[in-house]
Amino acid sequence: MSYEWHDILGNLGVSFIVGTYILLQMERMSGVSFTYSILNALGALFVIISLLHNFNLSGIIVQSFWMGISVIGIIRQWKLRHLPP
């Protein structure tokens with residue numbers, strides 16, 4: 001078995017997702033923070049890229065939803081910071 005760039009990227013993505021979740025559970029990060037959503041979206045994107053090289057439809061579907069939900073959080077936080085009340 002070879003370990004290629006997309007495997008490294010996928011593992012980095014998993015570490016982003018799991019790491020932010022650990023920080024959330026330890027109350028070191030807010031689940032509605034911009035950072036939380038960005039790291040989760042990047043994590044999901046990195047896992048999707050990895051899955052495209054070793055195709056797994058179920059994995060791509062769940063990561064697509066994870067990334068989509070994270071993008072909703074990013075947009076929400078951006079609006080809260082940049083639009084007048």
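Residue numbers run from 1 in the order of the sequence given. Treat the numbers as computed from the prediction; the structure is a model and nothing was measured.
Here the CG atom belonging to Leu23 is positioned 8.5 Å from the CZ atom belonging to Arg28, to the nearest 0.5 angstrom. Separating the CG atom in Leu45 from the CD1 atom in Ile49 is a distance of 4.0 Å, to the nearest 0.5 Å. Interatomic distance, Ile72 CD1 to Ser37 OG, rounded to the nearest 0.5 Å: 10.0 Å.
In this structure, the side chains of Asn40 and Ile69 stay at 4.5 Å or more apart for every pair of heavy atoms. Side-chain contact between Asn11 and Tyr3 is present, with at least one heavy-atom pair separated by less than 4.5 Å. A 4.5 Å side-chain heavy-atom check between Ile17 and Gln63 finds at least one atom pair inside the cut-off. At a threshold of 4.5 Å between non-hydrogen side-chain atoms, the residues Ile61 and Phe65 count as touching. Leu9 places none of its side-chain heavy atoms less than 4.5 Å from the side chain of Ser50. Contact check for Thr20 versus Leu24: no side-chain heavy atoms found under the 4.5 Å cut-off. Counting only heavy atoms from C-beta outward, the side chains of Met26 and Ile22 approach each other to under 4.5 Å.
Enclosure of atom CD in Glu27 is not indicated, since only 12 or fewer non-hydrogen atoms of other residues, nucleotides or ligands lie within 6.0 angstrom.
Contact between Leu12 and Ser15 at its shortest, heavy atoms only, is O-OG, 2.6 Å. Nearest heavy-atom pair, Ile74 versus Ala41, reported as atom, atom and distance to 0.1 Å: CD1-CB, 4.0 Å. The two residues Ala44 and Trp66 come nearest to each other via the heavy atoms CB-CD1, 3.9 Å.
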Notebook entry, point to check: Which is it for Val32 and Arg76 under the side-chain contact (heavy atoms from CB on, under 4.5 Å) test, yes or no, and what are the steps along the way?
Noted result: CA-CA 9 Å; Val32 295; Arg76 183 173 172 273; 4.2 Å; yes
Check: Ile75 and Lys79: side-chain contact (heavy atoms from CB on, under 4.5 Å), yes or no, with the steps?
Finding: CA-CA 6 Å; Ile75 292 168; Lys79 285 181 178 179; 3.9 Å; yes
Next item on the list: I would like to know whether Ser58 and Asn56 meet side-chain contact (heavy atoms from CB on, under 4.5 Å); could you show each step before the answer?
Entry: CA-CA 6 Å; Ser58 298; Asn56 179 320; 3.7 Å; yes
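A ring-ring contact (aromatic ring centres under 6.0 Å, His included) check over residues 13-34, counting only residues at least two apart or in different chains, returns the pairs Phe16-Phe46.
Listed by chain and residue number, Trp5, His6 satisfy the ring pair (Phe, Tyr, Trp, His ring centres under 6.0 Å) test with His53 (two or more places apart in sequence, or in another chain).
Hydrophobic clustering of Ile, Leu, Val, Met, Phe, Trp and Tyr side chains at less than 4.5 Å, counting indirect connections, keeps Ile8 apart from Leu42. Ile38 and Trp78 fall into different hydrophobic clusters, where Ile, Leu, Val, Met, Phe, Trp and Tyr residues are linked whenever their side-chain heavy atoms come under 4.5 Å apart, directly or through other members. Connection of Val14 to Leu51 is established within a shared hydrophobic cluster, with ILVMFWY side chains joined at heavy-atom distances below 4.5 Å, either directly or through further cluster members.
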